[in-house]
Amino acid sequence: MAHHEYDKAIPIYEQLMKAMPGDPGLLFNLGLAEHMAGHEQESVVHFEEVLKTQPKFVPALVSLAGARLALDEPQLAIAPLEKTLAQEPGNQEARGMLASAFEAAGRPEQAADEYRKLTAATPSDPRAWSGLGTSYEAVATRAFDRLQKIDPQSPYVSALIADTRVQRRQYRSAFFFYQQTLKRLPKLHGIHAALATVYRKTDHPDWADQEETKERLLPPPDCHAHPHECDFIAGHDLQAITFTATAKPTPEELFWQAKAANELALQAFFQLGQLPPSVELHRLKAEIARAQNEDMESVKEWRAALQLSPGDPDLERELIASLFMARDYRSALAEATKILQIDPHSPVMNFTAGDSLLRLEEPEKAVPYLKAALAGDPKMLPADASLGLALARLGKNTEAVPHLEKSLQLDDDGSLHYQLARAYQAGGEAEKARTTMEKYQEIVKRNQEQKDEVAREAQIVSPHE
């Protein structure tokens with residue numbers, strides 16, 4: 001155990017258990033060895049046996065929770081961690097695990113509550129601030145999803161979509177949605193100010209000044225009718241806005257809940273940014289860059305994170321994803337190949353390697369990787385699409401057809417329909433080729449019409465137009 005040779009320790013503990021059956025100390029050590037060796041299901045059985053006789057034994061409670069988390073059973077990890085903290089409120093390791101368990105179980109409000117306690121106790125811990133920020137983001141997302149479900153045409157939906165577009169630097173789209181909001185909610189506080197931001201980001205400072213003037217001239221909200229709006233404007237107790245949604249909230253209540261949660265997330269991430277460089281800070285910067293389509297900047301941040309945590313498999317996969325999105329296919333291929341040497345059956349890495357080779361005009365080399373991806377995950381439609389394209393380029397049209405047919409639902413630009421039509425034609429299926437080519441032309445025409453419509457709607461014009 002001391003030398004981390006856990007698999008070797010397991011049979012020794014099993015022999016000791018035969019000599020001293022029921023000994024809780026040996027039973028716990030056996031479970032711990034199994035847990036550290038990655039035999040989580042076996043360890044759960046032994047930790048639970050220990051807890052039958054010693055229900056308050058903290059090491060067993062924490063270890064059981066750790067095994068449940070490793071098994072992707074976060075909901076089952078919550079109870080032992082709550083029992084731990086009932087006995088040891090200052091156990092920050094257990095509190096961090098509980099926050100993670102709530103987050104993974106889809107309970108972001110409870111996760112945020114635990115992360116807040118962690119930031120108060122350990123304000124220099126970047127993991128706590130990062131977790132707090134992501135939990136608030138999840139609260140905001142949930143509020144937005146509920147709002148869309150209640151009233152998808154609500155002007156509050158338009159306002160939140162516009163906020164997201166600004167974060168992604170999609171200013172023309174943001175302008176359009178803010179304008180849609182103002183048409184129905186002309187006195188909603190914050191929209192004119194948001195439009196001023198859009199104007200400044202698009203080099204229209206004079207128009208921005210006009211919008212800021214309009215924002216200042218708005219009458220104060222009726223705090224009896226709109227209490228959350230008043231609280232948000234004043235910055236009063238944003239946490240209360242976030243966590244007091246009723247069982248049947250109104251669209252307005254959900255809007256301010258989402259706004260408050262997003263503001264709290266920004267505050268948490270600001271605190272993270274005040275700490276020394278960390279994996280969490282580089283991760284945040286990488287995700288922001290990715291959302292803004294700055295993929296090479298995202299690559300830079302993932303590399304910086306890996307310097308602080310070399311060999312982290314999650315960070316390595318994120319780096320590969322950003323390399324691929326940045327169209328640096330040779331680098332994505334090289335990094336994916338490294339992982340495949342350790343995990344040769346990974347569907348995602350096989351797809352990444354295969355699709356990168358296809359984009360590098362090496363379809364013959366791509367085929368084995370793409371077949372391996374589908375062997376590991378037969379439902380991976382992007383792999384079907386890539387394999388179909390690779391086989392078609394190699395002249396193997398008969399083999400390509402079923403893969404292209406299966407992946408047509410992914411075809412947003414018509415390229416798969418076009419290639420399938422050519423494969424049908426090469427196989428002598430003229431009628432199928434004709435109808436598929438017609439579908440390709442319909443997709444191209446529809447896409448162009450949508451682009452034209454967006455271009456017309458999303459013109460940034462002066463406040464007077």
Side-chain angles (χ1 to χ4, degrees), residues 58 61-62 65-66 68-69 74-146 160 163 167 227-247 249 253-285 287-288:
V58 167
L61 288 167
V62 173
R68 290 296 191 188
L69 288 172
Q75 189 64 39
L76 296 177
I78 291 170
L81 290 168
E82 289 179 328
K83 290 178 183 177
T84 297
L85 289 169
Q87 298 178 77
E88 299 182 359
N91 190 328
Q92 304 307 328
E93 177 189 1
R95 192 170 301 283
M97 292 174 66
L98 179 58
S100 296
F102 277 132
E103 193 172 8
R107 297 166 64 179
E109 292 88 352
Q110 292 93 330
D113 187 49
E114 297 302 328
Y115 280 125
R116 277 201 311 276
K117 294 174 184 176
L118 277 173
T119 58
T122 57
S124 62
D125 184 357
R127 295 170 299 177
W129 289 110
S130 176
L132 183 60
T134 55
S135 294
Y136 280 133
E137 283 186 329
V139 172
T141 298
R142 175 171 291 183
F144 177 73
D145 290 343
R146 293 181 71 187
L160 292 175
D163 289 346
Q167 292 171 8
H228 289 328
E229 184 173 7
C230 286
D231 287 340
F232 185 86
I233 293 170
H236 293 162
D237 201 4
L238 296 182
Q239 293 172 14
I241 301 174
T242 303
F243 298 118
T244 56
T246 59
E253 182 180 17
L254 288 169
F255 170 74
W256 290 112
Q257 185 184 33
K259 293 282 286 186
N262 276 323
E263 180 61 30
L264 290 168
L266 287 174
Q267 292 176 10
F269 290 140
F270 175 81
Q271 293 299 324
L272 174 62
Q274 304 310 298
L275 301 178
S278 62
V279 169
E280 290 75 18
L281 180 58
H282 288 301
R283 177 187 289 276
L284 174 63
K285 289 181 176 180
E287 290 172 348
I288 291 172

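All values derive from a computational prediction rather than experimental measurement. Only this structure's heavy atoms are used, side chains among them; waters, hydrogens and symmetry mates stay out.
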Donor-acceptor contact below 3.5 Å, side chain Gln92 vs main chain Gly90: yes

Nearest-0.5 Å distance that lies between atom CG in Asn262 and atom CD in Gln257: 10.5 Å

Considering all heavy atoms, the nearest Ala99-Ala111 contact: O-CB, 3.6 Å

Nearest-0.5 Å distance, CD of residue Glu93 to CG of residue Leu81: 9.5 Å

Which atom of Ala265 lies closest to which atom of Gly133, heavy atoms considered: CB-O, 3.5 Å

Interatomic distance, Glu137 atom CD to Glu287 atom CD [nearest 0.5 angstrom]: 8.0 Å

Results of salt bridge (charged side-chain N to carboxylate O under 4.0 Å, His left out) for Glu114 - residues two or more places apart only: Arg95, Lys117

CZ-CG distance between Phe255 and Asp163, expressed to the nearest 0.5 angstrom: 6.5 Å

Pairs touching residues 120-132 that satisfy salt bridge (Lys or Arg N to Asp or Glu O under 4.0 Å), sequence neighbours left out: Asp125-Arg127

Separation between OG1 of Thr134 and CZ of Phe269, rounded to the nearest 0.5 Å: 5.5 Å

Residue pair Met97, Thr84: steps toward the side chain to side chain contact (heavy atoms under 4.5 Å, CB included) verdict: CA-CA 11 Å; Met97 292 174 66; Thr84 297; over 6 Å; no

Heavy-atom pair with the smallest gap, counting every atom of Tyr115 and Ser100: OH-OG, 3.5 Å

All salt bridge (charged side-chain N to carboxylate O under 4.0 Å, His left out) counterparts of Arg116, not counting sequence neighbours: Asp113

Side chain to side chain, Arg283 and Ser130, heavy atoms closer than 4.5 Å: no

Residue pairs passing the side chain to side chain donor-acceptor pair (under 3.5 Å) test where at least one lies in residues 272-281, sequence neighbours excluded: none

Rounded distance (nearest 0.5 Å) linking atom NZ of Lys83 with atom CD1 of Ile78: 13.0 Å

Partner set under salt bridge (charged side-chain N to carboxylate O under 4.0 Å, His left out) for Glu103, not counting sequence neighbours: none

Full working for side chain to side chain contact (heavy atoms under 4.5 Å, CB included) between Asn91 and Val58: CA-CA 10 Å; Asn91 190 328; Val58 167; 4.2 Å; yes

Results of side-chain contact (heavy atoms from CB on, under 4.5 Å) for Glu263 - residues two or more places apart only: Phe232, Leu238, Leu266, Gln267

